[in-house]
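Side-chain atoms are counted along with the backbone in the values below, which use heavy atoms only and exclude waters and symmetry mates.
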Amino acid sequence: TRREELLLSNSLLRVGRIEILLGNVERGLDAYENLAYRYQNTPDCLAAYIEMSNIYASLGRKADADSALRQAIFVLDRMEDALFAESGRE
């Protein structure tokens, strides 16, 4: 159901955050990447890409940080397009 999908998506976001806080950076990134792949163009997907960008930047991985940020912008654009389409303003 839609509710279950939202719960799972949000759970993956929280798992990523917890792993990062515990110092398990790669496991945290894996959780974010899994979320972004499974729940594309959702608010949690956007949050995951932003988190990934921040983590990569803190690790000095500028190219990865930039790539994740570009993905976040792409997701945001798609979400905006969907909102306009739903409201009939396109």
Side-chain angles (χ1 to χ4, degrees):
T1 67
R2 174 81 174 132
R3 183 171 189 267
E4 290 168 335
E5 293 291 312
L6 288 172
L7 286 172
L8 184 54
S9 173
N10 191 261
S11 294
L12 284 170
L13 190 62
R14 291 175 187 263
V15 166
R17 287 182 183 150
I18 290 167
E19 291 290 358
I20 297 300
L21 290 172
L22 292 174
N24 302 321
V25 176
E26 289 305 318
R27 288 177 67 175
L29 287 168
D30 286 345
Y32 291 141
E33 289 171 5
N34 186 6
L35 186 160
Y37 177 76
R38 292 178 68 175
Y39 302 100
Q40 299 174 14
N41 306 320
T42 65
D44 285 341
C45 177
L46 177 62
Y49 278 122
I50 291 169
E51 291 291 333
M52 285 189 282
S53 180
N54 290 333
I55 293 162
Y56 287 134
S58 74
L59 296 173
R61 293 169 58 178
K62 185 176 179 350
D64 291 326
D66 290 346
S67 176
L69 188 56
R70 281 192 302 276
Q71 285 298 115
I73 292 167
F74 179 77
V75 169
L76 182 59
D77 288 344
R78 301 256 329 215
M79 289 171 55
E80 288 176 345
D81 291 346
L83 284 173
F84 283 119
E86 286 177 13
S87 66
R89 289 188 243 167
E90 211 172 29

Looking only at heavy atoms, what is the nearest atom pair of L35 and S9, with distance? CD1-O, 3.1 Å
N41 versus M79, closest heavy-atom pair with distance: O-CG, 3.5 Å
Under 3.5 Å donor-acceptor, S11 side chain and L7 backbone: yes
Extract all donor-acceptor atom pairs below 3.5 Å that involve side chains of residues 20-32 and protein atoms in other chains or at least two apart in sequence.
| from | atom 1 | to | atom 2 | distance (Å) |
| --- | --- | --- | --- | --- |
| N24 | ND2 | E19 | OE1 | 2.7 |
| R27 | NH2 | E19 | OE2 | 3.3 |
| Y32 | OH | R17 | N | 3.2 |

So, taking the atom named CZ in R70 and the one named CD1 in I73, what distance separates them when rounded to the nearest 0.5 Å? 8.5 Å
Apply side-chain hydrogen bond (donor to acceptor under 3.5 Å, both in side chains) to Q40 and list each qualifying residue two or more places apart in sequence or on a separate chain. none
Y49, L59: one ILVMFWY side-chain cluster at the under-4.5 Å cut-off? yes
To the nearest 0.5 Å, what is the distance between CG on N34 and CG on L13? 12.0 Å
Quick check for you: to the nearest 0.5 Å, what is the distance between L76 atom CG and I50 atom CD1? 8.0 Å
Provide the closest heavy-atom pair for L46 versus A72 in the form atom of the first, atom of the second, distance. CD1-O, 3.2 Å
Looking only at heavy atoms, what is the nearest atom pair of S53 and A65, with distance? OG-O, 2.9 Å
Please evaluate residues T42 and E5 with respect to the criterion side-chain contact (heavy atoms from CB on, under 4.5 Å), reporting the C-alpha separation (whole Å), side-chain torsions for both, the decisive distance (0.1 Å), and the verdict. CA-CA 11 Å; T42 65; E5 293 291 312; over 6 Å; no
